[in-house]
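Numbered from 1 within each chain, the chains take letters A, B, ... in sequence-line order.
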Number of protein chains: 2
Amino acid sequence: MSKVAPTLEDVARVAGVSRATVSRVVNGTRNVDPDIQETVRNAIEQTGYTPNRAARSLVTRRTGTVALVISGTSGGSDVFTDPFFGRVTAGVVDFLRGHSVHPVLMLADSDPARTEVVEFLRQGSADGALLVSTHPDDPLPARLVDAGVPSVLYARPGRPMPISYVDMDHRAGGRMAADHLVASGRYNITTISGPMDVLASQDRHAGFRDAMARHGFPYVPTAEGGFTAESGAAAMHQLLTECPDLDAVFAANDLMAQAAVDVLLEHGLRVPDAVAVIGFDDSAPALACRPQLTTIRQPVEKMAAQMADLLLADLEKPGQRPRSAIFEPELVIRASA
Amino acid sequence: MSKVAPTLEDVARVAGVSRATVSRVVNGTRNVDPDIQETVRNAIEQTGYTPNRAARSLVTRRTGTVALVISGTSGGSDVFTDPFFGRVTAGVVDFLRGHSVHPVLMLADSDPARTEVVEFLRQGSADGALLVSTHPDDPLPARLVDAGVPSVLYARPGRPMPISYVDMDHRAGGRMAADHLVASGRYNITTISGPMDVLASQDRHAGFRDAMARHGFPYVPTAEGGFTAESGAAAMHQLLTECPDLDAVFAANDLMAQAAVDVLLEHGLRVPDAVAVIGFDDSAPALACRPQLTTIRQPVEKMAAQMADLLLADLEKPGQRPRSAIFEPELVIRASA
DNA sequence: CTTCGTTTTTACAACGTTGTAAGTGCGCTC
DNA sequence: GAGCGCACTTACAACGTTGTAAAAACGAAG
């Protein structure tokens with residue numbers, strides 16, 4: 001049972017000055033006599049005063065809070081076991097904490113949930129939105145733009161719209177994988193793609209296939225996965241059936257790559273001796289996997305931080321033109337390829 | 001550039017009624033003439049009105065937000081790659097979303113950060129706190145209690161204090177592991193404990209050792225780990241040196257168990273043929289590991305949901321006595337033991 | 001046709017802050 | 001010593017909502 005929170009009024013009474021003076025001391029301290037400042041500070045100390053956030057927000061129209069929205073995922077709440085989202089969260093939290101801004105976590109995996117997100121922001125419960133939207137036909141980005149909510153996307157929007165975003169050159173990543181496999185002398189190269197209704201998957205795949213074609217491999221056996229371990233295992237089985245003499249696999253993320261390795265080993269195929277495997281992302285599973293995965297690094301934490309940075313910049317001076325930041329992937333060579 | 005948000009006043013003008021009436025329609029709709037209700041609803045629709053959260057909070061003293069605080073971790077922000085925290089987050093988010101309450105994510109890994117958390121809550125930026133505090137000497141729980149902030153802990157507090165919490169019977173979990181290993185005929189049983197300054201680690205270890213003693217094994221070779229893969233690998237190496245003929249390892253979490261398996265395999269020791277390995281938690285790595293881990297399941301998501309439930313109950317009717325909920329572990333038998 | 005209850009609506013005072021305009025004191029100039 | 005800036009402080013009106021007390025509308029009863 002806490003004592004009622006002290007207010008500016010209370011502090012002012014104790015210090016023997018007016019509310020406005022106390023307010024000026026609490027915020028930017030301009031034009032306040034040093035002696036009085038001292039007195040007021042003591043009074044604040046003594047009363048244990050803390051400014052009330054709601055009252056402050058009401059007049060400043062700022063909350064010091066942004067929404068971190070995971071949108072367009074089908075799967076519900078097991079998103080948080082996916083290392084990707086953990087990394088996004090880490091990057092965002094890490095950046096924001098230096099700016100005394102706090103993220104509110106929201107899942108927008110259904111239409112009512114999306115409406116709730118829009119409402120939340122229109123109510124002014126948060127100053128802006130950081131949106132991790134995987135599916136190009138996700139209506140949320142457009143709805144946020146329409147509502148005039150300052151927002152930044154992770155990954156470019158499905159259709160062009162005036163909104164800032166960070167992204168990576170996924171095609172370049174796919175290309176790197178192809179180059180590396182070809183350079184290491186593989187001939188029967190296959191790939192496990194991500195879900196084809198995700199832009200990043202399309203890009204990784206396109207980059208990979210283009211580079212393969214340039215290397216003289218016009219056709220690449222492909223199985224579509226869903227970015228999960230199970231789907232990766234299933235895809236690997238499928239590839240082994242269709243193409244028993246394969247000697248390399250490029251998987252569109254590490255989770256699937258790891259599952260692929262397991263399936264290969266079960267079939268008595270040694271990695272990388274018999275089959276080279278290359279993953280994507282360079283997240284925890286890449287290191288946990290035996291052999292450790294050669295993979296294409298996506299600097300997720302940096303990108304997430306940049307996303308937060310763009311949003312804060314927009315909040316700082318509103319109405320700027322949308323900005324984008326594209327990051328480069330990096331080939332990380334370990335044991336699997 | 002969004003048009004200025006419409007206010008109650010605007011809606012009232014359009015509907016030709018007073019603010020208060022509109023307010024009553026928006027909230028609990030008692031004592032409003034159905035015809036007028038209809039008119040007001042249309043006006044709301046037409047103006048695109050959304051209640052302002054700050055103004056509402058100011059008078060109701062509720063924000064519809066709770067803080068989800070990860071406290072006492074040394075490691076900074078790679079917490080989010082630990083499957084445990086992902087599962088906590090998933091459980092919390094999943095429960096809260098059904099109650100239109102949103103979690104604000106906060107890291108309290110330093111003293112200033114802890115102060116910021118307390119300030120945040122005292123400011124009324126959130127209605128209460130969900131605290132995942134691992135170290136028993138973490139000052140945050142006591143500070144929150146002192147500040148009169150409604151809070152619920154994941155894991156019992158280091159020292160008794162009037163605060164609600166959820167926890168698991170970690171001793172029972174340790175016991176189960178011991179029983180299983182002994183029952184399957186192992187003789188040279190060893191263990192990789194969690195960090196000993198964490199209560200859960202102490203309990204798991206104590207339960208394990210007690211049960212071992214009861215089975216006639218008074219001494220169990222032990223190496224202390226830090227719940228990370230690296231520390232697990234190091235601990236496994238240490239055990240192998242001290243005790244080369246070991247035939248079983250109980251690791252205090254799955255991450256370390258997985259690393260232990262890898263080290264064993266590198267040493268040419270087959271799992272479970274030569275050495276049985278049993279983990280703890282039943283999180284993603286347990287399934288990703290080859291062989292899949294036999295482990296002690298901790299129902300993290302359920303516990304996290306319960307934690308949120310307790311907090312919401314306390315917010316609903318404040319001033320109730322603290323409550324606790326203790327969950328039972330479960331032995332999950334897979335391939336590793 | 002008045003009077004009384006009931007139901008519905010309205011006006012108004014909070015809630016705790018910020019920002020602005022008006023005030024107070026004080027030292028300076030002429 | 002009156003007038004004038006300057007530095008600082010104060011009183012007051014927002015901000016958009018909720019809740020309460022007072023007022024209005026409307027039947028029903030006397």
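- Side-chain contact check for A:E9 and A:T7: no donor-acceptor pair (N or O, by modelled atom type) lies under 3.5 Å.
- Distance, A:R13 CZ to D:dT10 P: 15 Å, rounded to whole Å.
- Side-chain proximity of B:N27 to the nucleotides D:dT17, D:dT18, C:dT9 is greatest for D:dT18.
- The pair B:R13-B:D10 counts as a salt bridge, with a side-chain nitrogen and a carboxylate oxygen less than 4.0 angstrom apart.
- Look at CZ on B:R24: it is 11 Å from P on D:dG19, rounded to the nearest Å.
- By the neighbour-count criterion of 12 heavy atoms within 6.0 Å, atom CD of A:E45 is sparsely surrounded, having that number or fewer from other residues, nucleotides or ligands.
- Distances shorter than 4.0 Å separate some side-chain N or O of B:T7 from OP1 or OP2 on D:dT17.
- Contact between the side-chain N/O atoms of A:S57 and the OP1/OP2 oxygens of D:dC15 is not found at any separation under 4.0 Å.
- One can place CG of A:D35 at 14 Å from C1' of D:dT9, the figure rounded to the nearest angstrom.
- Both B:V17 and A:L58 sit near DNA chain C, but only B:V17 has its closest nucleotide nearer the 5' end.
- Going from atom CG of A:L8 over to atom C1' of D:dC15 covers 15 Å, rounded to whole Å.
- Straight-line distance from the CD atom of A:Q37 to the C1' atom of D:dC8: 12 Å, rounded to whole Å.
- Between A:S18 and D:dT9 there is no side-chain N or O to OP1 or OP2 distance below 4.0 Å.
- Dashed line: the shortest gap from a side-chain N or O of B:N52 to OP1 or OP2 of D:dC15 is not under 4.0 Å.
- Checking the phosphate oxygens (OP1, OP2) of D:dC15, no side-chain nitrogen or oxygen of A:T60 falls inside 4.0 Å.
- The CZ atom of B:R53 sits 13 Å away from the C1' atom of D:dT17 (whole-angstrom rounding).
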Starting from the C-alpha separation in whole Å, work towards a yes-or-no answer on side chain to side chain contact (heavy atoms under 4.5 Å, CB included) for A:S324 and A:R156. CA-CA 9 Å; A:S324 59; A:R156 71 175 192 275; over 6 Å; no
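- Rounding to whole angstrom units, CZ of residue A:R122 and C1' of D:dG16 are separated by 15 Å.
- Here B:R61 lies in heavy-atom contact (under 4.0 Å) with sugar-phosphate atoms only.
- Out of C:dT17, D:dG16, C:dT9, the shortest distance to the side chain of B:V59 is found at D:dG16.
- In this entry the distance linking CD of A:E9 with C1' of D:dA11 reads 12 Å, nearest Å.
- Along DNA chain C, the nucleotide closest to A:P51 and the one closest to B:R19 are compared, and the more 5′ of them pairs with B:R19.
- Taking the charged nitrogens against the carboxylate oxygens, B:R114 and B:D111 do have a contact shorter than 4.0 Å, which makes a salt bridge.
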